[in-house]
Amino acid sequence: DQPEALLERLQALDPATIGSSAALLGLRARAAVEVGDLTQATRDFEALRTLEPDSAVAQVGLARLAMAAGDLESAGEHLEAAVRMSPEDPLNWSALAEWRRYTGQLDGATDAYRRALELDSSRLPDRYQLAVVLIGMRDFDAARQQVKTLREKTGDVFAVHYLRGLISLRTADWSAARSSFEAALTMNPRQVQAQYYAGVSRKRSST
């Protein structure tokens with residue numbers, strides 16, 4: 001959580017040491033991304049790919065840089081390559097799911113999120129995002145199952161109430177939506193989307 005300090009330490013090393021070490025190149029590239037030095041990050045991820053042509057870390061890093069530059073096609077190619085290179089790493093499937101969701105490939109996104117969760121069921125952000133995608137696809141039964149599993153792992157946290165609220169909102173169960181969003185706001189009163197949806201559900205439930 002201290003990318004500036006990490007980058008400073010790595011920059012102080014002998015360049016030859018960095019350039020011959022895949023681990024150090026990957027660390028410096030990711031630290032550079034965190035501090036916004038995309039030129040350094042691109043150079044290091046490319047060097048890492050040259051050093052280790054089968055590096056999924058390099059592919060995912062280059063994909064994120066491509067997305068930041070608006071090159072969605074290249075980002076997808078990098079992520080598909082990362083999954084081929086390291087199919088047992090849930091991080092690669094999660095990144096691919098994010099890209100598919102961003103590009104409107106919702107069925108593909110759900111498949112990738114599920115694969116990430118098969119590999120590591122503790123990935124709660126992936127489970128949350130999968131539920132959101134399923135709600136958007138109006139697959140409410142599958143979404144409810146994901147919310148149920150999330151609740152079993154976390155208890156009645158903000159995300160659980162918020163997702164329940166979204167499902168109720170999309171199914172026009174205004175009273176249930178209002179109750180869920182108000183419960184969510186007791187835990188995070190500054191969350192803007194929850195505030196908005198709570199207002200909508202209050203208005204609809206009172207008419």
Side-chain angles (χ1 to χ4, degrees), residues 60 63-64 66-80 82-83 87 89-207:
V60 172
R64 295 197 183 283
M67 286 188 71
D71 188 352
L72 298 181
E73 183 176 353
S74 293
E77 291 171 357
H78 286 304
L79 291 170
E80 295 284 0
V83 166
D89 188 341
L91 292 173
N92 297 334
W93 287 102
S94 179
L96 180 61
E98 179 185 344
W99 176 80
R100 286 177 175 173
R101 179 185 178 191
Y102 187 79
T103 55
Q105 302 175 59
L106 300 186
D107 285 332
T110 60
D111 289 343
Y113 278 129
R114 284 193 168 105
R115 182 59 179 144
L117 289 166
E118 286 173 6
L119 293 167
D120 182 359
S121 63
S122 69
R123 295 183 60 80
L124 300 182
D126 284 343
R127 194 171 298 282
Y128 174 87
Q129 295 300 340
L130 173 57
V132 170
V133 173
L134 290 168
I135 292 168
M137 296 172 67
R138 304 189 69 79
D139 190 347
F140 300 121
D141 287 341
R144 289 187 183 97
Q145 183 57 52
Q146 294 302 324
V147 176
K148 179 183 177 182
T149 302
L150 186 64
R151 182 177 181 272
E152 289 170 354
K153 293 179 176 295
T154 65
D156 286 319
V157 296
F158 172 87
V160 169
H161 290 298
Y162 184 78
L163 290 170
R164 284 175 172 169
L166 285 182
I167 293 171
S168 297
L169 198 70
R170 298 292 187 267
T171 56
D173 188 347
W174 309 117
S175 295
R178 175 179 177 176
S179 176
S180 292
F181 287 123
E182 287 179 347
L185 287 169
T186 63
M187 299 178 177
N188 188 353
R190 297 182 180 276
Q191 217 280 345
V192 176
Q193 283 295 101
Q195 290 175 349
Y196 172 75
Y197 288 138
V200 170
S201 56
R202 284 190 204 104
K203 184 175 180 179
R204 297 301 295 267
S205 63
S206 64
T207 57

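Start at 1 with the first residue, then count along the sequence.
Under the side chain to side chain donor-acceptor pair (under 3.5 Å) criterion, Asp141 pairs with Arg144, sequence neighbours left out. Among residues two or more places apart in sequence or in another chain, the side chain to side chain donor-acceptor pair (under 3.5 Å) test is passed with Ser121 by none. Annotation: side chain to side chain donor-acceptor pair (under 3.5 Å) contacts of Asp120 (sequence neighbours excluded): Ser122. In this view, Ala82 and Ala56, Gln59, Val60, Asn92 satisfy the side chain to side chain contact (heavy atoms under 4.5 Å, CB included) rule, not counting sequence neighbours. In this view, Arg170 satisfies the side chain to side chain donor-acceptor pair (under 3.5 Å) rule with no residue, not counting sequence neighbours.
Between the Trp93 side chain and the Val83 main chain, no donor and acceptor come within less than 3.5 Å of each other. Checked by atom type and distance alone, the side chain of Gln191 never pairs as donor or acceptor with a backbone atom of Leu185 at under 3.5 Å. In terms of modelled atom types and a separation under 3.5 Å, the side chain of Thr186 and the main chain of Ala183 share a donor-acceptor contact. For the pair Ser201 (side chain) and Tyr197 (backbone), a donor-acceptor distance under 3.5 Å is present. A donor-acceptor pair is defined here as one N or O able to donate and one able to accept, closer than 3.5 Å; such a pair exists between the side chain of Ser180 and the backbone of Ala176.
Residues Gln105 and Thr103 approach most closely at NE2-OG1, 2.9 Å, considering heavy atoms. Minimum interatomic distance between Ser94 and Ala116 (heavy atoms only, all atoms of both residues): N-CB, 4.1 Å.
The CG atom of Leu150 sits 6.0 Å away from atom CG of Leu124, with the distance rounded to the nearest 0.5 Å. Note that the NZ atom of Lys203 and the CZ atom of Arg178 stand 14.0 Å from one another [nearest 0.5 Å]. If you take CH2 on Trp99 and NE2 on His78, they are separated by 12.0 Å, rounding to the nearest 0.5 Å. Annotation: the span from Tyr113 atom OH to Arg123 atom CZ amounts to 10.0 Å, rounded to 0.5 Å. Between atom CD1 of residue Ile135 and atom CG of residue Leu166 there is a gap of 5.0 Å, rounded to the nearest 0.5 Å. With values rounded to the nearest 0.5 angstrom, Arg101 atom CZ is found 8.5 Å from Leu106 atom CG.
More than 12 heavy atoms of other shown residues, nucleotides or ligands fall within 6.0 angstrom of atom CD in Glu152.
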Report, one line per pair, each donor and acceptor closer than 3.5 Å where one atom sits in a side chain of residues 155-163; sequence neighbours left out.
residue	atom	partner	partner atom	Å
Asp156	OD1	Arg151	NE	2.6
Asp156	OD2	Arg151	NH2	3.4

(request) Report the C-alpha distance between Trp174 and Leu169 in whole Å, list the side-chain angles of each, state the deciding distance to 0.1 Å, and finish with yes or no for side chain to side chain contact (heavy atoms under 4.5 Å, CB included). (result) CA-CA 6 Å; Trp174 309 117; Leu169 198 70; 3.7 Å; yes
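Between Arg115 and Glu118 there is a salt bridge, since a side-chain N of the basic residue sits under 4.0 Å from a carboxylate O of the acidic one.
The closest side-chain heavy-atom distance from Arg202 to Glu182 is below 4.5 Å.
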